[in-house]
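Notes for the one structure printed next.
Every chain is numbered from 1 and lettered A, B, ... according to where its sequence line falls, protein lines coming before strand lines. Remember, it's a predicted structure, so these values are computed and weren't measured experimentally.
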Amino acid sequence: MRGGSPKVLLTGALLLLAVLAPYALYPVFLMKVLCFALFACAFNLLIGFAGLLSFGHAAFFGGAAYVAAHAVKEWGWAPEAGLLAATAAAGAMGLAFGLLAIRRQGIYFAMITLALSQMIFFLALQLPFTHGEDGIQAVPRGHLFGLFDLSQPLTMYYTVLAIFLGGFALIWRTVHSPFGQVLKAIRENEPRAVSLGYRTERYKLLAFVLSAALAGLAGGTKALVFQLASLTDVTWQMSGEVVLMTLLGGMGTLLGPVVGAALVVTLESYLASTSLPVPVVIGAIFVVCVLLFRRGIVGELRHRLPGMRRRRTDRPRTGS
Amino acid sequence: MTGHTGDIILEARGLTMEFKGFVAVKEVNLQVRRGTIHALIGPNGAGKSTVFNLLTKFLTPTRGQILYKGRDITAMKPADVALLGMVRSFQISAVFPHLSVLENVRVALQRPRGTSFHFWKSEETLRDLRGRALELIEAVNLTPWADHLAAELPYGRKRALEIATTLALDPEVMLLDEPLAGMGHEDIEGTAALIKRVSADRTILMVEHNLSVVAHLSDTITVLRRGEILAEGPYEAVSRNPQVMEAYMGTGHA
Amino acid sequence: MPDGMRTTAARTGTAMLDIADLHGFYGESHVLHGVNIDVRQGEVVTLLGRNGAGKTSTMRAIMGIMGKRTGSIRFQGHELIGMAPHKIPRLGIGYVPEERGIFSSLSVDENLALPPVVKEGGMTVPQIHALFPNLKGRGATQGTRLSGGEQQMLAIGRILRTGAGLILLDEPTEGLAPVIIEQIGVAVRALKQRGFTILLVEQNFRFAATIADRHYVMEEGHVVDMIPNDQLHANMDKLHTYLGV
Amino acid sequence: MSQLLGIPPQALFGQLLLGLINGSFYALLSLGLAVIFGMLNVVNMAHGALYMVGAFVAWLLLTYAGVGYWGALVLAPLVVGLVGLALERTLLRRLYKVDHLYGLLLTFGLALIFEGAFRHHYGVSGQPYPIPDLLKGGTNLGFMYLPTYRGWVVAASLLVCLGTWFAIERTKLGAYLRAATENPTLVQAFGINVPVMVSLTYGFGVALAGLAGVLAAPIYQVSPMMGSNLIIVVFAVVVIGGMGSILGAIVTGLGLGLLEGLTKVFYPEASNIVVFVIMAVVLMVKPAGLFGRER
Amino acid sequence: QGAAYSDGKIKIGILTDLSGQLSDSTGQGSIAAAQMAVEDFGGAVNGTPVELIFADHQNKADIGASTARRWYDVDQVDAIIDVPNSAVALAVQQITKEANRVAIFSSPASSDLTGKACTPNGLHWTYDTYALAHVTAEAVVASGLSSWFFLTSDYAFGHALERDTGAVVESQKGKVLGSVRVPANNADFSSFLLQAQASPAKVVALATAGADTQNAIKQAAEFGLGQSGKNIVALLLAISEVHALGLSATQDIMLTTPFYWDMDDETRAFSKRFFEKRKAMPTFYQAGVYGAVSHYLKAIKASGTDAAPDVMKTMKATPVNDFMTKNGSVREDGRVLRDMHLFQVKTPAESKAPWDYYKLVRSVPADRAFRPLSESDCPLVKKM
Ligand SMILES: Nc1ncnc2c1ncn2[C@@H]1O[C@H](COP(=O)(O)OP(=O)(O)OP(=O)(O)O)[C@@H](O)[C@H]1O
Ligand SMILES: Nc1ncnc2c1ncn2[C@@H]1O[C@H](COP(=O)(O)OP(=O)(O)OP(=O)(O)O)[C@@H](O)[C@H]1O
Ligand SMILES: [Mg+2]
Ligand SMILES: [Mg+2]
C-alpha cells in the first residue's frame, strides 16, 4: 500500500511478531487477545468511524458464541461453517438492532442498544439451547476444512490469527473505501451529508451490521478457542469492557483497539492472581482515560509523534 | 440544463411552519424562476432559514406544498431532494472538519457514482475524481489548502469550501444560506463573482444580509418579515418599498 | 486593523462604562478588533452598524458570555474582564438579548420573575404592567406563546425589575410593528428620566435618533465613528456609507 | 397448580399494590437520573452505585455510629449528595465541553470503582439492616398482608417525587433550573451562578439515589451489587419516559412497576424483560419517549 | 521418594471466586482452608514441597478455562481444587481431562459434573444439586411436611433443584401444589412470596442461590410467611449467608448441608482454628476444600507419583476420613459419598453464642443421599 516505507516496515514487523509470538507466549492467551482485539476493532468501526456508541455489543459477541458453539457441538458442523453461522447470526441481530436504534443519536443510541442487548441476555439465560448459566461446554474444535486439526494449539493459533487478520483487513478496507469516506463524512457532519444526497441512515445501518457481524466472528472464534459459550460474553459489563479496550487504545485509530484489547486482557489475567480488586482497577483506568487520555494510547502516540500524523482523518468526533 | 429561463422550477404554496404554536413561516407563496438568482432577505428571525429548511425538507411544513419542477416534493426525505438536484448550504458553516479539503469535495463528487456502499472497494477507486475536485477547489481559490483538514481553514475559506462542495454535485438548484457571512472583503467579491459565474446554467436561491451583493447579484428579491412575505420584486422596487425600509433596511434614508 | 478612534466627548465626564481596546473571539474567529466605547451615567448611547459589525458581540463581551476576550471593560471602577459571568449582572448591569431569550418552559410570570433583583429602585410588577399593558393578564401563558413584540416587552420588563442601573438593549425594535416601536421609545425615554443608563444596539437609526444622546458606529469589529445626536443631520451622508442604506 | 390459573380479583389487587411499591422505587431512581440528564446532559451510570452507597451509609451509620433509620434517612442522602457534589466539581465538570458520551463513560468507570471497592471491603453477602421499630409489622388488608414498611416506602417516595416535581415545576429555584436547561448562558447573564447550580443539581440527583438506597436497605440485603442490576431497568424507565422529563420519569416509573407486577403473576419468566420490550415498542412509535421532547 | 514427582514440586491451584457472588462463602476462606490442609500435612509429600497458588476466576467461564489451561500447560499445576460456579467448573472439568491432571470440585453444585460431564480426572467433593434435593425433600417430608410450593430461580440450577426435589416429594407421597419461576437477579420477591402465601402448601422451598436466596428470605420475614404457617426451606444456603442475614430473618428455615461447625469435637477444633484466621466460621464449601486437599495429598503420598491416573485410582480406592467426613468414599464416576444433614435455623432466643445457628433435624446416610449409579448418565459407568 502507499504510505511510505515506515508503515510497511511497521506492518511487516508486527506480522512477524504475530507469527512468532506463540513460541514465546502462551498460545491460549494470545488467542484470547486476538479474539478481543477483533471484537474491539469491530466495535471501533462503529464508534471511531461512524460516531455511534453502542453499549450493547456484547449481544453480538456473546450471541454469536452461542450460535457457533451450538452449531459445532449439537449439529456437528465443521468449524468454518460454525463461524460463518455465528457471523451471519450476529449480522442479522445487528440488522434488527440497527433498524430500531439507528434513527437515534448519541446517548439515546447507546441506551437503546444497551436495552436491546439486555433482551439478548435474558434470551441467553432462558432459551434451552444455551443451557442457562452453565453455558455450552465441551465444544469440539474439529478440523478446519476437514484438514487441519484445531485441537493442536498452534494450528488453532494460526487459524485465529488468520481470522483476526482477515477481519482486520476487512475493517481496514472498509475504512479506506468509498463507503468509509461517506461514513466519516456522516460522522463529521450528518446534516451536511444529508444535504449532499446521502441517505445517512442506510450507511449507518450498514456500518452497524458490519460491526455486529465482525463482533460475531470474534465471538464465534472465542467459542472455538475456549470450547465454550457462556453468559459472561452477553452481559452488559462485557459491552462496557469493549468500550474500555477501544477507549484505552484509541478510538478511531486502526491499531488502537488491538493495543487496548491486549492491555485489558493482560491486565485481567494478571489481576486474577493478585488480591487487587479487579473492577476497581478497571474502573480507575476508565476514569483516567476519559479525563486525561481521551485519544487513547495509539491516538496519543500519533498525536505526539509528528511523523505519524500525516493525515488525521480518523479522529473521533468530539464536541456536541 | 436546457430548460429555458422564465419557467418556475421551485414553488412553495401556502407554506406554513409552526413550532409548538409559534408560527415561524406563515402562508408563504414563493416562486423561483429557472435560471435566476433569487434572494431571500429579512430581519433576523423572519423565517428565512426556516423556509430554506422547509424547501430542502430538513423540516416538514405544518401546511402547504412544495413543488420542484412541477413535482410535489412535500413528503420527500432531504437526501432524496438532494438526489433530484436541489442542494443547499448551511448558515453555520457546514464542512466535514476532519476530512481534507480535497476529501470534502470528493465526498460530494463520489455520490453520483453509486459505489458509496462498496465497503470492499479501495479508496483508490476514487482517484480519478481528484482532477475534477481540484478544478472545483481552484474555482474557489482554495488550491493552496487542498491537502489541509477543513478544520484548519479560516472561517471565510470554509464558506468557500462549502460552495465548492455544493457545486460538486452539479445541482440544478442551489440554495445558499448566507454564503458570504463571515467573509472578508476580498473574499466577498471573489465569491460573489463565483456565484454569478456558476449561476449561468442553474438556479440559485440565497439568503444574504450583504445588501450590496444582493443588489448586484439578484434578479428577484423576496422580503420576509415575521414569517410572511412583505414584498417581492427586483432590488430597485423592493428597496424603495417603505415597508421594507421600515422592517429591514431602516427608514433613515427616506 | 486600525484602532477605533477614541471619543473625546466621553472623556470629560466620569464614564460609568469604559471599554478600551476590546478584542473578542468565537472559537477560532476573531470578531472584535479593538473596540473603544464610553458611556456616562444617565446617558442613552446607541451602537449602529450593519449586520455582523460586532454590536451584539460587544454586548456579550460586556456580560462575559463570549468565548474569549481581551482588553479592558470597566464598570463603575470594576474591571469586568476576568470576572465570573454571574457576578457581572450583580454589579447592576441588565441585558436584554437580541433573540430576547424568553424561556419556553416558563410561564410569562415566571419569565418576568426570573432575573434576581440586584439593586434597590427597580420597577415593581404593576409598574411594568403599566408600562407594557400587553403583558397584563397574560401571566399564566407559556413564555414563547407571546407574539414577538410582547416577548420583546417581556424581555425588557424583566430586566427593569432587577434595578440594574445600566441596561444593554440589543435591537429592541427588531421585527416589531411601528406602534410597538413607538411604545418602546416612550419606555426608553421614561427610563432615562428615572436615571437609568442605556446602551442600545439599533439597526433602525431613525428610531435611535429619537432617543439617543450619542451614536457609535461599528464596522467589522471596531468603532469607526462617534456622532452626537445633535450632529446627526450634518453627518447623514457619512452614515449612509457606514450603514449601506 | 390450579390456583395460579384463575387468579381471584383480590390477589390481583395485592399484586398491583406490590407493583406500585416497586414502581415508586423506579420513580425515585429515575427521577434523579432525569434531573441529572435534564440539567447536565449526563447519563449518570453511577446512579445505581450511589443508590448502593446510600444503603451502605445507612448501615455504616447504624453499625459504627449508632445512628438509626430516621437519622440515616436524612444523613445518608446528604453524604451521597456531597459525594456527588465532589464528583461533579472534580471530574464531571471537565467533560462538559466534549461529547456527552464521555460523561456516560466516566460515570460507568465510577460505578465500577464504587461497587468494586465496597465489594472488596464488605464482601458480597451483604449486610442486614433491620426495619425500624416504628414500621415493623403489617396490616392484613383482607386480600393481602401489607407490611407497614412497604406502605411507608410508597408514601415516602411518592412524597419525595411530588415534592421534587413541585420544586422544579412550581418554584423560583425550579424556574432557574428549567431556564438554565434551555439557555444556561443567558441565565448566567442574569447573575445566577449556573456552574454552582449544576453542581447542586447533580448532588441533589444522586442524593435522591441515596435516599432510595436508605429506603431499600430494610427490604433488600445491603450489598455492593444491589444497584448494578436495578440500574439497567431504571435506564429503560427513563428512556421510555423521555430523557430529562421529570413527570415522565415519575409516571413511567409507577406505570412500569405496575406492568411488571402483572407480568410477575401471569408470566413471571418474562418479568425481567417486559420493560425492555415496552421500551422497544415505545421507541418505535415515539422515538423521544412518552413524555420527551424531540431534541 | 521425591524423584517420582514430575517437576520436583507438588503444585495445587485453588481456582475460586475472590470478587463475585460466591467470594464470601468460598474465596479467601477456601484458600485459607487449603493452606491449613497443606500445613497439617507438613508442607511436603515424601520430601517434595507442596506449593499452593490461587486465582480469581471472576465467575467467568473463559477466565476460569484459560487460567486452568495456563496452570496446566505453563505452571505445571498438578491439581485444581474448589471452583465455585458450575459453568466454570464444567469448563475446568473438560480441560483437566485433556491435560490429564486432577480436578477436585468442592464448591460447584451441578450434578452434571459426575453425570453426563463426568471424566476420569474429576472428583465432585462436597455436595451436589441432586443430594440437596433428595436429602431435603426426604427429610422434610419425613418430618410431616408434605405439601410444597417452589420459588425457583429461572435458570438451569433452579430448574434442576425443583425437578429433583419435586420428584422425591411426590415419590414420598407428598404433593407439589405450585411453583413460580423467578427471573435471575430479581431483587424483589414480594410478588412471588404473595403467590406462595396464597397457596395452601405448608412448605415454601427456595430453589435459588446467592443474593436471590438472601433477598427472598429477608422479604419472606417481612411479609410474615413464617407467622402464616409456612415452613421455609432453603435448598442451598451457606452459614455465611445465615450470618449475614441474621437470625431474626432466618429463624426456623430448614436447610441441608454436609457440614456445620458445631457437630462434634473434631469439627469444632477445625472451625476454631479456621475462625482464628478468618474471623468467621467455615462454610461447608471451605471445609470441603480442606478435605479435598488432604485427600489429594494422602493419595499422592500413597501412590508415590503425581501422575493423574494413578492418583485418581488411589483416591477412589481410599476411604475419605477427615474432621467433617466419616466413612466417605469416592465412586467410580468421581462422586464423593458422604452423610448429609438437615438443619433448622435457631430462633434468636435459642441461639446461645455467636455463630450458634443450627439445630440438627435429621441426618441422611451417604448411600441414600447421592444419586445412585444406576441412574447415572456418566459415560464412565458401565451399565449392565
Ligand atoms: N426548531 C424551532 N423551534 C421553535 N422555533 C423555531 C425553531 N426554528 C426556528 N424557530 C423560530 O422561527 C423563527 C424563524 O427562524 P429562522 O431561523 O427561519 O429565521 P431567519 O430569518 O433565518 O433568521 P436569521 O437571519 O437570523 O438566520 C424564529 O423566531 C425562530 O425562533
Ligand atoms: N456564536 C458565534 N460563533 C461564531 N461567530 C459568531 C458567533 N456569533 C456571531 N458571530 C460572528 O461575529 C460577527 C459579529 O456578530 P454580531 O452578532 O456581534 O454582529 P451584530 O453587529 O450584532 O449583527 P446583527 O445586526 O446581525 O445583530 C459576525 O461576523 C458573526 O457572524
Ligand atoms: Mg446583533
Ligand atoms: Mg509436579
Side-chain angles (χ1 to χ4, degrees), chain A residues 47 51-56 96-97 99-101 103-112 114-123 125-126 235-237 239-241 243-244 246-247 251 271 275-292 294 316-320, chain D residues 37 41-43 45-46 49 87 90-92 94-95 97-121 224 228-229 231-233 235-236 238-240 243 269-281 283-284 287-289 292 295:
Chain A
I47 177 88
L52 293 169
L53 171 62
S54 158
F55 223 87
F97 274 40
L99 285 173
L100 276 172
R103 272 181 307 162
R104 320 259 63 215
Q105 265 137 33
I107 289 162
Y108 295 84
F109 183 82
M111 296 283 70
I112 292 167
L114 171 61
L116 290 172
S117 80
Q118 279 306 96
M119 294 218 241
I120 300 291
F121 174 79
F122 287 119
L123 285 180
L125 195 60
Q126 299 286 352
T235 55
W236 65 274
Q237 285 87 352
S239 297
E241 203 155 295
V243 180
L244 174 65
T246 312
L247 191 66
M251 282 185 199
L271 288 174
S275 1
L276 280 175
V278 183
V280 177
V281 178
I282 302 272
I285 296 176
F286 233 109
V287 169
V288 169
C289 279
V290 170
L291 288 175
L292 303 177
R294 267 189 291 281
R317 185 183 55 130
T318 52
S320 141
Chain D
F37 182 79
N41 257 317
V42 166
V43 175
M45 294 292 276
L87 292 178
T90 53
L91 305 176
L92 265 178
R94 299 153 187 262
L95 296 177
K97 285 190 291 293
V98 295
D99 200 304
H100 304 319
L101 293 174
Y102 286 109
L104 186 154
L105 297 179
L106 177 88
T107 48
F108 178 70
L110 290 175
L112 289 180
I113 295 179
F114 276 115
E115 285 173 356
F118 274 83
R119 202 153 70 171
H120 193 60
H121 263 273
S228 74
N229 291 310
I231 198 60
I232 302 286
V233 176
F235 273 131
V238 176
V239 171
I240 296 171
M243 289 226 172
E269 289 86 345
S271 60
N272 259 359
I273 144 172
V274 62
V275 172
F276 300 109
V277 175
I278 291 173
M279 187 180 95
V281 173
L283 289 176
M284 274 192 286
R295 287 194 179 226

Rounded to the nearest 0.5 Å, how far does CG of A/L100 lie from CE of D/M279? 8.5 Å
Can you measure from CG (D/L91) to CG (A/L291) and round to the nearest 0.5 angstrom? 5.5 Å
Chain A: which of D/G103, D/G116, D/A236, D/A270 shares the most heavy-atom pairs with it under 4.5 Å?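 Top option by heavy-atom pairs under 4.5 Å: D/G116.
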In terms of heavy-atom pairs under 4.5 Å with chain A, which of D/V275, D/V239, D/I232 leads? D/I232
Side chain, backbone, both or neither of [X] within contact of chain A (heavy atoms, under 4.5 Å):
X      : result
D/L110 : both
D/L105 : both
D/V277 : both
D/F235 : side chain
D/L106 : both

Side-chain touch [X]/[Y], heavy atoms, less than 4.5 angstrom:
X      : Y      : result
D/L95  : A/R294 : yes
A/M111 : D/V43  : yes
A/F55  : D/M45  : yes

Of the non-hydrogen atoms in [X] and [Y], which two are nearest, and what is the gap between them?
X      : Y      : result
A/L116 : D/A280 : CD2-CB, 4.5 Å
A/P279 : D/L112 : O-CB, 3.7 Å
A/A115 : D/F276 : CB-CD2, 3.5 Å

Checking A/V243 against chain D: side chain, backbone, both or neither under 4.5 Å from a heavy atom?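 It is the side chain, since no backbone atom gets that close.
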